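Written out below as structure tokens is the structure these notes cover.
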Amino acid sequence: MFYHAKELQFNARISKPDPKFASLLLEQFGGVNGELKAAMQYFTQAFAARQPYPEKYDMLMDIAIEEFSHLEIVGATIQMLMNGVNGELKDISEQSEIMQMVTGKAGKEGLIHDAMTNPLFLGVSGGSPSVTNSQGVPWSGYYVDANGELTVDLRSDIAAETRAKITYEYLMQFTDDPEVKETLKFLMTREIAHHQMFEAALATLEPNFPPGVIQGDPRYTNLYFNMSRGEDARGPWNEGASPILGEPWQYIDDPEQVVRATNGLRDQQPQDAAMSMEEAQKKSKEISDLRSKEVKGAVPKGSNQWSKYD
């Protein structure tokens, strides 16, 4: 169950109305990297974790609800930045500020530009937050990544927090309001905190690489294909040992020749791989049994209930 505390988590303020920045800020209300996306993603992921990983369920739900509180902060800020516009839209007299905007060529062109950029913001929502991005594109469930596999979901969450953080960084460049910047800085900083929480949770799931249960084919895990012509770049991604499996990278300078010589890589043999083919198959089976027992063991046979009421 949910309770709504009427006070915001962070005391959002503005110095003055700014409808143009309000439109930009919609990106974090209903955009692909926004607060609604984050809240729904973690909320959805939590269901699969509820019984096998109750501590991860608790974390995902806590962060999801915090993201909803951030959505409220963004929505409140948008509403304050649009202060007075909704009232102007209700003023049908020709002396209203909205009507005066369309006088003269520059005014008409400005209004047309704003309408083309996000036609729903003024034309439909009346300046209140709408569940769209800054271009008026409706929020979509396709934004949500939930695979039912925590080693995958937590990595998606780390990436989501990273993208949201950089979006706030960019948005801060488009306002000179110190009060708004304080709000954006708070929201940006919470992305950093959540990133660390997801990293820490992922580290408790051992083994967690590669994601899922099936190990990679040792014939291909440490191959680097030089797929472009020109000056080659070398670095820890294609020379030395791979960062997680610790396998020496096999740099294939002429992929076409190797592919032909190995019958389309089917005859490729493992080279300095961390595991043999047999060992990889054995480890896949071991992890499969471990994960399956974790999930099955947490679900009672017969009747089941989600919560216990003391």
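Just so it is clear, the model here is predicted, and its values are computed rather than measured.
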Assess, by modelled atom type and distance only, whether the side chains of [X] and [Y] contain a donor and an acceptor separated by less than 3.5 Å.
X	Y	answer
E191	H195	no
D232	N226	yes
D177	S15	yes
S156	Q41	no

[X] side chain near [Y] side chain, heavy-atom distance below 4.5 Å:
X	Y	answer
F198	K56	no
R219	L265	no
L154	L205	yes
I63	M197	yes
I73	H70	yes
Q269	M277	no
I287	Q215	yes
Y224	R234	no

Minimum heavy-atom separation for [X] to [Y], with atom names?
X	Y	result
G75	P129	O-CG, 3.4 Å
F10	E182	CZ-O, 3.8 Å
M275	E247	N-OE2, 4.5 Å
L81	V180	CD2-CG2, 4.0 Å
A274	E279	O-OE1, 4.3 Å
A49	L60	CB-CD1, 4.5 Å

Going through the distances and angles, do Q28 and L184 end up as a side-chain contact (heavy atoms from CB on, under 4.5 Å)?
CA-CA 10 Å; Q28 289 302 86; L184 299 184; over 6 Å; no
Is there a path of hydrophobic side-chain contacts, each under 4.5 Å between heavy atoms of I/L/V/M/F/W/Y residues, joining [Y] to [X]?
X	Y	result
Y143	V74	yes
V144	L150	no
V258	L223	yes
L202	L245	no
Y42	V131	no

With rounding to the nearest 0.5 angstrom, report the [atom1] to [atom2] distance, [X] to [Y].
X	Y	atom1	atom2	answer
F21	K16	CZ	NZ	11.0 Å
N133	Q135	CG	CD	6.0 Å
Q250	D272	CD	CG	5.5 Å
D310	K308	CG	NZ	8.5 Å
L24	F174	CG	CZ	6.5 Å
Q79	L25	CD	CG	12.0 Å

Classify the angle between the aromatic ring planes of F2 and F43 as parallel (below 30°), tilted (30 to 60°) or perpendicular (above 60°).
tilted
How are the rings of Y57 and W306 set to each other: parallel, tilted or perpendicular (split at 30° and 60°)?
perpendicular
Please walk me through it: do L71 and F29 pass side-chain contact (heavy atoms from CB on, under 4.5 Å)?
CA-CA 6 Å; L71 183 71; F29 195 81; 3.5 Å; yes
Got more than 12 heavy atoms from elsewhere within 6.0 Å of CD1, I214?
no
Is the number of heavy atoms from other residues, nucleotides or ligands within 6.0 Å of OH (Y251) greater than 12?
yes
Considering only NZ, NE, NH1 and NH2 on the basic side and carboxylate oxygens on the acidic side, decide whether [X] and [Y] come within less than 4.0 Å.
X	Y	value
D289	K293	no
E169	K165	yes
R260	E256	yes

